[in-house]
Amino acid sequence: MRHYSAVLTRSDDGLSLLAKLSLLWRVWAVAARVRLELWRHPLPEVVSVLAAPTGRPRVPTSLLSRAVSRGLRIGPLQPRCLTRSLVLYRLLRAQGDDAQLIIGMRDKTVSTDAHAWVELAGRDVGPLPGGKGYRELSRYPRSL
C-alpha cells in the first residue's frame, strides 16, 4: 500500500485526493481496455480504436505520464512498455492531444526486443525510460 499512498499524497501537482483517485481509476480502466484490445486485435487496429478524442478535461502531460508509470505498478511488478505506452497514448488522445505511439529498437542492439514510448510534437513524454537510446521502427498513427 506504500506505493499508492505516495501517488495519492504528492502535493506539488495541485490535485485533490478525489481527483487523484479518479485519475488512478481512469489509468486502470484504460489499462484493462488496452489488454482486452491487444488480445482481440492487431496493434494498428488497437491504436486506431484508442485514438478517438473524448473531450476529457485537460490534465498536464507530465502528471499523466507519472500517473501511468506509478499507477500501474504493483510492488516490483509493472506492465510491459507497450501496455504503459498505449495507456498514456489513450489518455492523451482522449483529452485532444496529438500523441503518437513509437515502437523502436536499441541503437546498438544485440537482441530483438522492441520498446514503446509516446511522443507529443516530437517530444518524448514517456513512459519511462522513453525513447532515449532507441531508433524508431514504427510510428502510430501512420502518416499518409
Side-chain angles (χ1 to χ4, degrees), residues 1-107 112-144:
M1 194 65 175
R2 187 174 138 255
H3 166 69
Y4 291 112
S5 63
V7 172
L8 299 176
T9 59
R10 190 170 174 124
S11 61
D12 61 350
D13 54 31
L15 292 179
S16 69
L17 179 60
L18 184 58
K20 290 177 184 182
L21 287 172
S22 175
L23 180 56
L24 185 61
W25 172 253
R26 280 180 46 211
V27 166
W28 275 90
V30 170
R33 181 178 180 197
V34 162
R35 296 297 300 160
L36 182 62
E37 293 293 336
L38 285 172
W39 182 66
R40 290 179 166 174
H41 306 286
L43 182 61
E45 288 180 35
V46 173
V47 173
S48 168
V49 166
L50 297 176
T54 61
R56 298 279 316 187
R58 293 209 44 79
V59 176
T61 303
S62 61
L63 180 59
L64 284 179
S65 183
R66 189 170 66 233
V68 169
S69 292
R70 291 181 176 178
L72 292 179
R73 179 180 295 136
I74 299 174
L77 304 174
Q78 79 177 345
R80 306 270 318 197
C81 61
L82 181 59
T83 300
R84 290 179 297 149
S85 295
L86 284 168
V87 170
L88 180 58
Y89 173 82
R90 174 63 191 146
L91 293 171
L92 289 168
R93 296 292 287 213
Q95 66 184 22
D97 291 327
D98 190 24
Q100 295 185 317
L101 175 73
I102 316 299
I103 308 292
M105 304 240 345
R106 283 217 179 269
D107 289 332
T112 58
D113 292 340
H115 178 59
W117 67 95
V118 177
E119 289 184 1
L120 264 178
R123 185 176 60 92
D124 181 351
V125 294
L128 292 173
K132 187 174 182 177
Y134 292 87
R135 62 182 156 81
E136 179 181 320
L137 296 176
S138 189
R139 180 178 294 263
Y140 300 93
R142 296 185 189 268
S143 301
L144 297 176

Practice prompt. Measure the CG-CG distance between Leu91 and Leu63 for me, rounded to the nearest 0.5 Å.
Written response: 10.5 Å

Worksheet item: How about Pro141 and Arg93: do any of their side-chain heavy atoms sit closer than 4.5 Å?
Response: yes

Practice prompt. Please report the shortest heavy-atom distance between Val87 and Val27, naming the atom on each side.
Written response: CG1-O, 3.9 Å

Response to the item:
d(His115 NE2, Arg80 CZ) to nearest 0.5 Å is 10.5 Å

Response to the item:
Separation between CG (Leu43) and OG (Ser48), nearest 0.5 Å, reads 11.0 Å

Worksheet entry | Those residues that, when tested against Arg26, pass side-chain hydrogen bond (donor to acceptor under 3.5 Å, both in side chains) (two or more places apart) | none

Worksheet item: Is any side-chain heavy atom of Pro44 closer than 4.5 Å to a side-chain heavy atom of Tyr140?
Response: yes

Practice prompt. Carefully, step by step, assess Arg66 and Val68 under the rule side chain to side chain contact (heavy atoms under 4.5 Å, CB included).
Written response: CA-CA 5 Å; Arg66 189 170 66 233; Val68 169; over 6 Å; no

Fill in: Nearest heavy atoms of Glu119 and Trp117, plus distance in Å
OE2-NE1, 3.2 Å

Item to complete: Look only at the side chain of Glu136 and the backbone of Ile102, and say whether a donor-acceptor pair between them is shorter than 3.5 Å.
Response: no

Discussion item. When you compare the side chain of Gln78 with that of Leu72, does any pair of heavy atoms fall below 4.5 Å?
Written reply: no

Practice prompt. Mind checking the OG1-CG spacing from Thr83 to Leu88? Nearest 0.5 Å is all I need.
Written response: 12.5 Å

Response to the item:
Heavy atoms of Leu92 and Ala99 approach each other most closely as CB-CB, 3.9 Å

Worksheet item: What are the two closest heavy atoms between Val47 and Tyr89, and how far apart are they?
Response: CG1-OH, 3.4 Å

Discussion item. Return the CZ to CG distance between Arg33 and Leu86, rounded to the nearest 0.5 Å.
Written reply: 11.0 Å

Item to complete: Check whether any side-chain N or O of Ser65 sits under 3.5 Å from a backbone N or O of Val125 as a donor-acceptor pair, and report yes or no.
Response: yes

Item to complete: Please lay out, stage by stage, how Arg58 and Asp97 fare under the test salt bridge (Lys or Arg N to Asp or Glu O under 4.0 Å).
Response: CA-CA 9 Å; Arg58 293 209 44 79; Asp97 291 327; 2.7 Å; yes

Discussion item. Using every non-hydrogen atom in the two residues, find where Ala116 and Cys81 come nearest and quote the distance to one decimal.
Written reply: N-SG, 3.3 Å

Item to complete: Would you check if Arg90 and Thr54 make a side-chain contact, meaning some heavy-atom pair closer than 4.5 Å?
Response: yes

Worksheet item: At their closest point, which heavy atom of His41 faces which heavy atom of Val46, and how far apart are they?
Response: O-CG2, 3.7 Å

Fill in: Donor-acceptor pair, side chain of Arg84 and main chain of Ser69, under 3.5 angstrom
no

Practice prompt. Check whether any side-chain heavy atom of Leu82 sits under 4.5 Å from a side-chain heavy atom of Ile103, and report yes or no.
Written response: yes

Discussion item. Working to the nearest 0.5 angstrom, can you tell me the gap between Gln95 CD and Thr61 OG1?
Written reply: 6.5 Å

Practice prompt. Please confirm whether the backbone N or O of Gly71 pairs with a side-chain atom of Trp28, one donor and one acceptor, at under 3.5 Å?
Written response: yes

